[in-house]
Amino acid sequence: MNILVINCGSSSLKFQLIDSGTENVTAKGLCERIGIEGSRIVYNKEGQAKITTETPMPTHKEAIALVLSSLTDAQNGVITSLKEIDAVGHRVVHGGEKFKSSTIINEEVLKAIEECNDLAPLHNPANLIGINACQELMPGTPMVAVFDTAFHQTMPEKAFIYGIPYKYYEKYKVRRYGFHGTSHSYVSHRAAEILGKPIEDLKIIVCHLGNGASVCAIEGGKSIDTSMGLTPLEGLIMGTRSGDIDPAIIDFIAQKENLDLQGVMNVLNKESGVLGISTFTSDFRDLEEGMKKGDPNALRAMEVFAYHLIKYVGSYIAALNGVDVIIFTAGLGENDSYIRQVVCDGLTCAGVKLDPVKNNVRGVEAIVTTDDSTVTAMVIPTNEEVMIARDTVKLVTK
Ligand code: AMP
């Protein structure tokens with residue numbers, strides 16, 4: 001089957017056409033600056049060079065139309081007609097408590113996703129726009145929603161309830177939801193496959209370290225705790241997000257800087273994290289460059305980031321009462337041997353013994369610990385799109 005996977009952001013849209021039999025990506029690409037001047041589509045047919053075309057995309061509907069015309073283009077397309085797309089899998093960020101797994105999209109599901117908009121105001125409305133545009137342009141093609149939050153719906157109450165009045169959970173569903181679920185699920189299953197062990201027997205901690213970053217504790221294939229919360233702001237220090245802070249800082253900064261609530265939230269989402277600490281970048285590649293030159297700002301940001309990460313992994317070893325596998329994934333986790341080394345060196349007390357030679361890898365599946373390490377640390381490149389395609393096939397062929 002040909003599955004089109006769509007990941008809609010507020011001004012961007014990523015897509016992949018996946019052959020579900022081989023799991024090959026026959027074409028993929030990105031629409032950027034949707035609704036902004038200078039919008040462009042980058043289209044990449046398997047085995048060919050990327051084609052970038054600047055063209056106006058006032059809304060996501062024009063973006064989806066361009067994706068579909070690129071896929072069916074006589075010269076560079078990979079299919080001859082839209083009828084060859086058997087189904088569309090949509091990444092949806094927040095499924096609240098309602099969605100514990102992926103689901104076929106119908107009117108009722110659309111309404112329920114809309115009801116979660118409050119919980120993810122930056123993401124869910126964009127996801128919905130993408131779904132609506134696809135439905136308009138491909139009527140009759142089955143669509144599936146795959147939620148970032150669904151994998152974490154197995155968390156026990158003790159892990160998802162906050163220390164605030166319980167009535168806010170009852171009235172407004174304020175609780176930990178967690179994100180990156182599709183990624184945590186993919187890499188943990190892949191680790192079990194690579195190790196040749198049933199996932200039911202494994203205690204796994206996944207460090208998804210990208211622009212957004214989260215840690216997840218997985219027991220027997222089920223998420224039992226994760227660092228992101230009601231929103232993706234909680235947890236690890238990230239590129240521009242603060243992660244955990246004393247909540248009283250919000251009022252303190254608002255008063256000192258004469259900011260309203262929204263102003264402070266903007267600081268915490270967009271001006272904090274390693275960008276805020278380093279004062280110059282949210283990108284770990286720049287931090288590493290800076291560290292090589294002895295830049296104290298880069299050193300400070302990396303040190304604080306790594307320290308928080310080690311503390312999180314340590315606390316999840318306690319939550320799981322042990323750990324068999326630690327996985328590093330996403331941009332930083334897959335590519336940066338330095339951060340893996342710092343984290344593993346901080347966890348020698350738990351039996352993690354890094355092999356510096358094995359750790360010298362980028363973007364490939366690898367075990368990076370020594371043969372006698374009691375905990376296996378691994379690099380596993382994430383593949384959220386293939387998970388979305390798999391769930392889509394499962395649901396539409398049911
Ligand atoms: P993602 O959100 O998974 O695309 O990850 C993007 C982030 O990964 C970037 O902002 C970088 O900080 C980090 N990253 C990507 N490649 C490298 C690399 N080679 N070395 C260090 N960090 C990297």
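Owing to the predicted nature of the structure, the values given are computational and were not obtained by experimental measurement. Order of listing sets the numbers, starting from 1, for every ligand and every atom in it.
Looking at atom 9 (C) of ligand 1, its nearest protein heavy atom turns out to be R285 NH2, 3.7 Å. In terms of protein heavy-atom proximity, atom 11 (C) of ligand 1 is closest to D283 OD1, 3.3 Å. Among protein heavy atoms, atom 3 (O) of ligand 1 sits closest to G331 N, 2.9 Å. In terms of protein heavy-atom proximity, atom 16 (N) of ligand 1 is nearest to N335 ND2, 3.5 Å. Protein heavy atom nearest atom 10 (O) of ligand 1, with residue, atom name and distance: N211 OD1, 3.3 Å.
Follow the hydrophobic side-chain contacts under 4.5 Å out from V174 and you never reach V93; the two are in separate clusters. Under the 4.5 Å side-chain heavy-atom criterion for ILVMFWY residues, a single connected hydrophobic cluster contains both L17 and I41.
Atoms of ligand 1 lying under 4.0 Å from at least one heavy atom of A330, given by number and element, are 3 (O). Taking a cut-off of under 4.0 Å to the non-hydrogen atoms of G210, the atoms of ligand 1 that pass are 1 (P), 2 (O), 3 (O), 5 (O). The ligand atoms of ligand 1 that sit less than 4.0 angstrom from a heavy atom of F284 are 11 (C), 12 (O), 22 (N).
Checked against a 3.5 angstrom limit, the closest N/O atoms of S282 and ligand 1 fall outside it.
With D148 as reference, R91 is the one residue of H180, R91, H94 to meet the side chain to side chain donor-acceptor pair (under 3.5 Å) rule.
For the pair R175 and Y169, the NZ or CZ position fails the cation-pi test of under 6.0 Å to the six-membered ring centre and within 45 degrees of the ring normal.
Salt-bridge check for E289 with K292: passed, with a basic side-chain N closer than 4.0 Å to an acidic carboxylate O.
Here the side chain of K45 pairs no donor or acceptor atom with the backbone of A27 at under 3.5 angstrom.
At a distance under 4.0 Å, a protein heavy atom can be found next to atom 1 (P) of ligand 1.
With a 4.0 Å cut-off on non-hydrogen atoms, E288 does not touch ligand 1 at all.
For the pair L209 and D336, the minimum side-chain heavy-atom distance is 4.5 Å or more.
At least one heavy atom of R362 sits closer than 4.0 Å to an atom of ligand 1.
For H184 and S214, the side-chain atoms include at least one donor-acceptor pair closer than 3.5 Å.
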